Amino acid sequence: MFRWTAPVGLILTGTLSANYPAGTAAFGATTYNLTAAVELAVDADVATPNDACCALANTVCSDPGWAAVSGKIAIVRRGNCEFGTKAMNMSNAGALGTIIVNNQGEGVIAMGAGVNGGTVPATFPVLSVGISNGDSIINALPGVNATMNSAPTVGPDRDSDLDNGVIAHEYGHGISNRLTGGPANV
């Protein structure tokens, strides 16, 4: 009847070893397998320096010893601007990919392109993680490596034929006047 595919996973190694479920973006790369160091993005906005809503300060970050996001996977907070803007700014700063931390809960989010999503390169992956998982990544920096992989890596695919709620729902169509013999033939 329907097959739910397992969510994409974000595999972390180094000072943090974990496998987190991740949301995907409707822009940027659709197939990817990228492993690189993770770096917290610091932009020019003093009030919200980690949301990548304004052009990045593409130099050494304010924390001594941390390199810029160039050549790394940038991690940013959700903030108030569009996901496409964040990804575009990260790409322009030389990042290889972006992890966006949801600031509105634990759930992973599917991210729309917004105005700037079309300018994000088709080779640039963008994933989202829940707030606790994102905070654990940020708190473990530096020394965290991430693997962004478009193949499902968190749990198996699920088949609705094994979900009684779906079976009962569909069976209900057969025993009601809706769609029995066609929608116009009660």
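The structure displayed is predicted, hence computed values, not measured ones. Position 1 is the first residue of the sequence, and the numbers go up from there. Side chains included, hydrogens not; waters and symmetry mates left out as well; all remaining heavy atoms used.
Side-chain atoms of Leu127 and Val129, non-hydrogen and from C-beta on, never get closer than 4.5 Å to each other. Two residues are said to be in side-chain contact when any heavy atoms from C-beta on lie closer than 4.5 Å; Cys81 and Asp51 fail this criterion. Leu10 has its side chain out of reach of Thr147: every pair of non-hydrogen atoms, C-beta onward, lies at least 4.5 Å apart. No side-chain heavy atom of Tyr20 sits less than 4.5 Å from a side-chain heavy atom of Ile99. No side-chain heavy atom of Phe83 sits under 4.5 Å from any side-chain heavy atom of Val126. Taking the side chain as every heavy atom from C-beta outward, Val101 and Asn50 never approach each other to under 4.5 Å.
For Thr15, the side chain to side chain contact (heavy atoms under 4.5 Å, CB included) partners two or more places apart in sequence, or in a different chain, are Ala140, Val144. The side chain to side chain contact (heavy atoms under 4.5 Å, CB included) check on Asn103 picks up Arg78, with sequence neighbours excluded. A search for side-chain hydrogen bond (donor to acceptor under 3.5 Å, both in side chains) contacts involving Thr13 returns nothing, not counting sequence neighbours. Every side-chain hydrogen bond (donor to acceptor under 3.5 Å, both in side chains) that Arg77 has, sequence neighbours left out, goes to Asp135. Checked against side-chain hydrogen bond (donor to acceptor under 3.5 Å, both in side chains), Thr123 has no partners two or more places apart in sequence or in another chain.
Counting all heavy atoms, side chain and backbone alike, Ala95 lies closest to Phe124 at O-CE1, 3.1 Å. Taking every heavy atom of both residues into account, Ala93 and Ser70 meet most closely at O-CB, 3.5 Å. Contact between Asn149 and Val8 at its shortest, heavy atoms only, is O-CG1, 3.1 Å. Between Ala74 and Met90, the closest heavy-atom pair is CB-SD, 3.1 Å. Between Gly97 and Met148, the closest heavy-atom pair is CA-SD, 4.4 Å. When all heavy atoms are compared, the tightest approach of Ala36 to Leu96 is CB-CD1, 4.0 Å.
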Enumerate donor-acceptor pairs with a distance under 3.5 Å from any side-chain N or O in residues 105-119 to protein atoms, sequence neighbours excluded.
| unit_1 | atom_1 | unit_2 | atom_2 | d |
| --- | --- | --- | --- | --- |
| Glu106 | OE1 | Ser132 | N | 3.2 |
| Glu106 | OE1 | Ser132 | OG | 3.2 |
| Glu106 | OE2 | Ser132 | OG | 2.6 |
| Asn116 | ND2 | Thr85 | OG1 | 2.8 |
| Thr119 | OG1 | Asn116 | O | 2.6 |

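Here the straight-line distance linking atom NZ of Lys86 with atom CD1 of Ile100 works out to 6.0 Å at 0.5 Å rounding. Summarising the geometry, atom CG belonging to Asn145 is positioned 8.0 Å from atom OG1 belonging to Thr35; distances are rounded to the nearest 0.5 Å.
Around the CG atom of Asn80, the shell of radius 6.0 Å holds no more than 12 heavy atoms that belong to other residues, nucleotides or ligands.
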Trace of the side chain to side chain contact (heavy atoms under 4.5 Å, CB included) decision for Ile75 with Leu141: CA-CA 10 Å; Ile75 187 166; Leu141 294 173; 4.1 Å; yes

